There are 2 protein chains.
Amino acid sequence: MKTPSAAEEPRWLTEEEQRTWLAYVHGTTLLDDHLDRQLQRDAGMPHLYYHLLVVLSGAPQRRLRMTELAMHTKITRSRLSHAIARLEKNGWVRREDCPSDKRGQFAVLTEGGFETLEKSAPGHVAAVRQALFDRLSPEQQKALGEIMEIIAEGLQPKEAGADLPWLR
Amino acid sequence: MKTPSAAEEPRWLTEEEQRTWLAYVHGTTLLDDHLDRQLQRDAGMPHLYYHLLVVLSGAPQRRLRMTELAMHTKITRSRLSHAIARLEKNGWVRREDCPSDKRGQFAVLTEGGFETLEKSAPGHVAAVRQALFDRLSPEQQKALGEIMEIIAEGLQPKEAGADLPWLR
DNA sequence: TCTCTATTGTTCAAATTTCAAGAAGGGTGC
DNA sequence: GCACCCTTCTTGAAATTTGAACAATAGAGA
């Protein structure tokens with residue numbers, strides 16, 4: 001008979017799981033750092049900020065409500081508020097009031113923001129290629145996509161009350 | 001004849017590559033956030049700090065030179081200095097002078113730090129399992145480990161002059 | 001020994017992120 | 001209209017991270 005569930009010995013990671021997890025932490029830490037530096041150097045902003053511009057550039061009329069943008073980028077609205085404020089100072093984004101909801105704000109990619117994006121996109125793509133795609137076989141690329149989609153989906157449960165960053 | 005290489009059209013990501021990359025960004029962003037919150041709630045520290053304790057606990061005599069610890073965790077010495085200072089305030093780590101190199105410092109896991117680790121480890125492992133391993137097939141786990149090792153290796157070139165965080 | 005360069009680790013200030021709180025509008029039921 | 005709760009977004013302070021500069025020591029070579 002086993003001990004009560006509250007005192008159950010946790011299922012530790014196997015050695016192979018530990019290796020996998022450590023590789024995950026190392027790989028993501030190094031890649032984050034690498035892209036943040038590359039973009040800070042070549043575009044004057046960290047990766048997240050660059051990604052915000054990318055998402056805006058692909059949205060209808062290059063604009064998105066704050067909460068939607070937070071949702072698309074998987075971050076909190078607070079973090080987004082600060083980030084947009086900074087991008088606004090750079091002249092790369094401007095805010096616009098939402099006509100149908102007086103609480104709402106649009107983040108709009110400016111022409112200057114778009115140009116900055118165009119200038120820095122080649123370097124960024126090259127960095128992602130060099131660090132990631134150029135090193136992986138087609139099978140590994142496919143696997144990585146599937147794996148990351150599973151992880152992302154798992155952390156965004158559909159149920160009400162889920163702890164999602166953009167609802168905090 | 002093609003245009004000079006400096007003006008070469010960059011190799012943009014294919015649609016599938018874009019999906020993979022977006023999934024990567026989403027998955028890692030959400031998982032980072034998830035673990036930081038879980039550990040902040042249950043152990044009173046972010047994931048990196050927890051990981052520092054883990055690495056120290058596995059080192060000989062539960063101690064490591066600062067630069068070694070930075071190397072093991074893929075971060076800069078500056079970041080590590082701040083982190084260790086905070087962990088020291090918590091009583092989870094202490095510093096010790098290195099007898100053979102007067103510049104050197106050891107970060108040493110204290111008994112209190114070890115106990116904190118023991119208390120929070122089950123919850124952390126459970127979170128990693130739930131978010132990652134429980135959702136992936138054995139093949140996917142294997143693939144993820146291999147992929148992340150490739151990425152990590154690629155970002156740590158052996159050549160002199162490489163831009164490694166712990167040498168900055 | 002002396003000099004020059006490299007390594008080690010820290011520090012300050014600026015930038016970013018987190019967290020808790022709050023202002024303001026929307027929407028429902030009465 | 002009003003009371004109530006929810007959503008939207010922002011704000012300020014604390015925590016963390018980055019980047020540059022620095023002091024101290026190590027190590028190599030003349």
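All figures in this text were calculated on a predicted structure; none of them were measured in a lab. We name chains A, B, ... by the order of the sequence lines, and we start the count at 1 in each one.
Not one N or O on the side chain of A/Glu149 forms a donor-acceptor pair closer than 3.5 Å with the backbone of B/Ala23.
With hydrophobic clusters built from ILVMFWY side chains whose heavy atoms lie under 4.5 angstrom apart, B/Val128 does not share a cluster with B/Tyr49. B/Met45 and B/Val54 fall within a single hydrophobic cluster, where Ile, Leu, Val, Met, Phe, Trp and Tyr side chains are chained together by heavy-atom contacts under 4.5 Å.
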Nucleotide by nucleotide, nucleotides 11-22 of chain D touches protein heavy atoms under 4.0 Å in the pattern (B base, S sugar-phosphate only, - none) BB---SBBB---

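Separating the CZ atom of B/Arg41 from the P atom of C/dC19 is a distance of 11 Å, rounded to the nearest angstrom. If you measure from atom CD of B/Glu68 to atom C1' of C/dG9, you get 14 Å, rounded to the nearest angstrom. Nucleotide D/dT8 holds its P atom 8 Å from the CG atom of A/Leu167, rounded to whole Å. Look at CG on B/Leu64: it is 10 Å from P on C/dG9, rounded to the nearest Å. C/dT10 atom C1' lies 15 Å from atom CG of B/Leu69, rounded to whole Å. Between the CD1 atom of B/Ile84 and the C1' atom of C/dG9 there is a distance of 12 Å, given to the nearest Å. The distance between atom CG of A/Asn90 and atom P of C/dA15, rounded to the nearest whole Å, is 11 Å. Straight-line distance from the CG atom of A/Asp97 to the C1' atom of D/dC9: 12 Å, rounded to whole Å.
Smallest separation of non-hydrogen atoms from B/Ala127 and B/Leu35: CB-CD2, 4.0 Å. The two residues B/Gln140 and B/Arg135 have their closest heavy-atom pair at OE1-O, 4.2 Å.
The side-chain heavy atoms of B/Thr73 and B/Arg79, taken from C-beta on, include no pair separated by under 4.5 Å.
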If you restrict it to nitrogen or oxygen atoms, what contacts under 3.5 Å exist between nucleotides 23-25 of chain C and the protein, and what is each distance?
{"unit_1": "C/dG25", "atom_1": "N2", "unit_2": "A/Arg103", "atom_2": "NH1", "d": "2.9"}

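Scored by the side chain to side chain contact (heavy atoms under 4.5 Å, CB included) test, B/Asp32 finds A/Asp32 as partners (sequence neighbours excluded).
Taking 4.0 Å as the cut-off between side-chain N and carboxylate O, A/Arg19 and B/Glu146 do not count as a salt-bridged pair.
Remark: the B/Glu16 side chain and the B/Thr14 side chain contain no N/O donor-acceptor pair separated by less than 3.5 Å.
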